[in-house]
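This report refers to the structure that appears directly beneath it.
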Amino acid sequence: MMNYDYAKIAKEVIQAVGGPENIKSAAHCATRLRLIVADRSLADDEKVGEIDAVKGTFFTAGQYQIIFGTGHVNRVYEQITQLGIAETTASEAKEAKMDGKNQLQKAIRTFGDVFVPVIPALVATGLFLGLKGALLNDNFLALFGMTNADIPHTFQVLVEVLSGTTFAFLPAIVCWSTFRVFGGSPVLGLILGLMLVNGALPNAYSVTDPSSGVTPLMLLGFIPIAGYQGSILPAFVAGVIGSKLEKRLRKTVPAVFDFMITPFLVLFIMLILSLLVIGPLLHTLENVLLVIVEYALELPLGIGGLIVGFFWSIITLTGVHHIFNMLEISLLASTGFNPFNAILCMCGFSSAGVCLAISIKAKKKEIRAIGPSATVSALLGIGEPALFGVILRYGMKPFLLSCSINGVAGMIAMLLGMKGTGNGITTIPGMLLYIYSPSQLIMYIILALTVFISAFCLCWFFAVPPEVMETDAAKKKDLPKPAPAPFPDVLGAAAQGTFVPMEEIPDPTFSQGILGACCGIEPETGKVYSPMDGTISQLADTLHAIGIEAAGVELLIHVGIDTVSMKGDGFTSHVKEGQAVKKVDLLLTMDLEKIKAAGHPATIMVIVTNSDDLASAEASASGRLMPGDQLMRLKA
């Protein structure tokens, strides 16, 4: 692993994302640093992309996400939190994910939150099933002159426990996760789910096997009662209703009886409701859905695989892919196999091939640096660095090529009858789900190599974006360069009003100099002027903040406290990014009455964000100021 200065990276990330004031909180997953930001427009994607170890950025689920990859992201996160950035709470993360989403998107996101925690158990079970199929296969045992009858009974029982427990108790896992997501007590969800598979009930697998002689119990002669081993929908709906019932009871049952009465009523009511109403109805619906899915995947000429494969990357971008978790789990529980996995694995190999072609052929230094590692990540089943950091970064052509290859690969996988024994892992690790059958494993390897090589060659010749073929030096050469401004020894007042020393600014981010040396002005009018000659380096979409650079000096003019929440209402810009300005040029106008009515201080802050790089940056004003009056003195 390359050695990086993670403390330096953390500081650069904070500044590039808009400073500490723009970061509400931070969290991380296996590959990405996840920042909940106040103003997305203040995050400079290009500056972030130039930071060491960064493989790409994107904004989704209410979070600004920076891809570092495994082994790096946790170290950067540690340094970020040491610099005073708060850790993201579960409620903050949920609120950020739901921000700006419609009801359908919120429902799908919630659905994903329920089933994603179940996947690790299914991954392990899939691997156990794959090993079971490989080791206890008659062809494999014949190599040693053995048959299944020669395998000790104790060993077979242990293998059955490893490979069968998850699906036997799947309703308990799903019900537990559903209670957790919908705000109920997870342990009540676990108990309710275990009741649905209690050994006193006729086993669902035995009921569906005509040779077992096991039949469901019949209530009133027409309501069948049986266990729900391997079922998803009954446990999910029971979890939703049960958690809501618990929350309602918590509010109505007197506190002195709550500890005893609420759990009793939740389990009693929900067991009766689940066994007599929810279970019979939804188990039937679940079987119908499975028949439809299996029919779609078995359409002639592999059409089902073609459709799923082509749209999979698009579905992933929208976040709707979480709903497929239920279908995959249901297929595994009912048939023991998952044909979806083969399609998804080939999508991963396609992304890796396209990413590698772009990264090798590119002349842009950044792509050549992150492309190979993003390719390796994709080959190991983590596709975000390749998808967001390379494939989608400079246009749609590579992405659409990958989608097309995915569709063809999915069609071939269906024609070959490829099926995995689990879900949740893909590409190279996904091979473990196919070792149960030599023919399946051979088909997997051949198709994977074909997809990877085809994606690489087609992208190399037809889909490498022109932007990545430009060297960084050539790009800079083509850009018009504004006339260099002189070093600003004296900064002018940015508005007419009263001088405010740094320590008296009503915001600790500024008063403590976290962003750099600064001072403020309490404005008398709604006009904001440039404190120096320079170039507009950034302009917030909400127009409450403007960056100016000149001769090694970086200024941030921040208008008002927390005015980002006004989303530009009451602000009018008179400049644009890249524009050269002179001292006392009008930058923007603001409606002071609207700012005050919204409950925000209108203080204008002038911050030298790189004051640590200068010999000195000190305020040199007092009292009432006019635009251009001496405000601060700087020394290089």
Between [X] and [Y], which heavy-atom pair has the shortest distance, and what is it?
X	Y	result
G430	C345	CA-SG, 4.4 Å
C355	T375	SG-OG1, 3.4 Å
Q630	S620	OE1-OG, 2.9 Å
C519	M632	SG-CG, 3.7 Å
V464	A357	CG2-O, 4.4 Å
P601	I595	O-CG2, 4.2 Å

Next item on the list: Please list, chain by chain and in numerical order, all residues satisfying side-chain contact (heavy atoms from CB on, under 4.5 Å) with K576, sequence neighbours excluded.
Entry: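 If we apply the side-chain contact (heavy atoms from CB on, under 4.5 Å) test to K576, skipping adjacent residues, the hits are Q579.
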
Checklist line | Listed partners of S404 passing side-chain contact (heavy atoms from CB on, under 4.5 Å), at least two apart | finding: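 For S404 the side-chain contact (heavy atoms from CB on, under 4.5 Å) partners, ignoring immediate neighbours, are F310.
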
State whether the side chain of [X] and the backbone N or O of [Y] hold a donor-acceptor pair below 3.5 Å, judged by distance alone.
X	Y	value
N610	D613	no
T535	S537	no
T609	L556	no
D629	A493	no
R368	A362	yes
S454	V451	no

Rounded to the nearest 0.5 Å, what's the gap from [atom1] on [X] to [atom2] on [Y]? Could you check?
X	Y	atom1	atom2	answer
S350	I391	OG	CD1	7.0 Å
T498	I521	OG1	CD1	9.5 Å
E549	M532	CD	CE	8.0 Å
E577	I546	CD	CD1	10.0 Å
F68	I51	CZ	CD1	6.5 Å
I561	I604	CD1	CD1	11.0 Å

[Y] side chain reached by [X] side chain, heavy atoms, under 4.5 Å:
X	Y	result
F349	L379	yes
F462	L401	no
L588	T572	no
V608	L555	yes
D533	P488	no
N406	W312	no
V13	Y64	no
D5	D52	no

Check: Which residues satisfy the ring-ring contact (aromatic ring centres under 6.0 Å, His included) test with F456, sequence neighbours excluded?
Finding: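 Partners of F456 under the ring-ring contact (aromatic ring centres under 6.0 Å, His included) test: W460.
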
Margin query: Once ring-ring contact (aromatic ring centres under 6.0 Å, His included) is applied, do any residues pair with H558, and if so which ones, sequence neighbours excluded?
Written below: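 Scan of H558 (ring-ring contact (aromatic ring centres under 6.0 Å, His included), adjacent residues dropped) gives F510, H544.
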
Next item on the list: Before giving the answer on side chain to side chain contact (heavy atoms under 4.5 Å, CB included), spell out for L631 and F499 the whole-Å C-alpha distance, their side-chain angles and the decisive distance to 0.1 Å.
Entry: CA-CA 8 Å; L631 182 69; F499 174 77; 3.9 Å; yes

Next item on the list: Given side chain to side chain contact (heavy atoms under 4.5 Å, CB included), test F571 with M566 step by step and report yes or no.
Entry: CA-CA 9 Å; F571 294 85; M566 296 179 67; 4.2 Å; yes

Check: Going by atom types alone, do T525 and Q496 pair a side-chain donor with an acceptor below 3.5 Å?
Finding: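 Side chains of T525 and Q496: no pair found under 3.5 Å.
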
Note to self: Would you say N74 and Y6 are linked by a side-chain donor-acceptor pair, where the criterion is simply a distance under 3.5 Å?
What the structure shows: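 No, no side-chain donor-acceptor contact under 3.5 Å.
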
Note to self: Holding to side-chain hydrogen bond (donor to acceptor under 3.5 Å, both in side chains), I want the full list of residues that pass it with S41, two or more places apart in sequence or in another chain.
What the structure shows: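 Residues passing side-chain hydrogen bond (donor to acceptor under 3.5 Å, both in side chains) with S41: D39.
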
Item checked: Derivation and outcome, side chain to side chain contact (heavy atoms under 4.5 Å, CB included), residues V584 and K582 -> CA-CA 6 Å; V584 200; K582 293 290 186 180; over 6 Å; no

Note to self: I66 vs V76, test: side chain to side chain contact (heavy atoms under 4.5 Å, CB included). Steps then yes/no.
What the structure shows: CA-CA 11 Å; I66 306 174; V76 175; over 6 Å; no

Check: How would you list, by chain and number, every residue that makes a salt bridge (charged side-chain N to carboxylate O under 4.0 Å, His left out) with E618, sequence neighbours excluded?
Finding: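 With neighbours one apart ignored, the set is empty.
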
Check: Within a radius of less than 6.0 Å around NZ of K361, do more than 12 heavy atoms belonging to other residues, nucleotides or ligands occur?
Finding: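 Atom NZ in K361 is crowded, with more than 12 foreign heavy atoms closer than 6.0 Å.
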
Checklist line | K583 atom NZ, over 12 foreign heavy atoms within 6.0 Å | finding: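 Result for NZ/K583: enclosed.
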
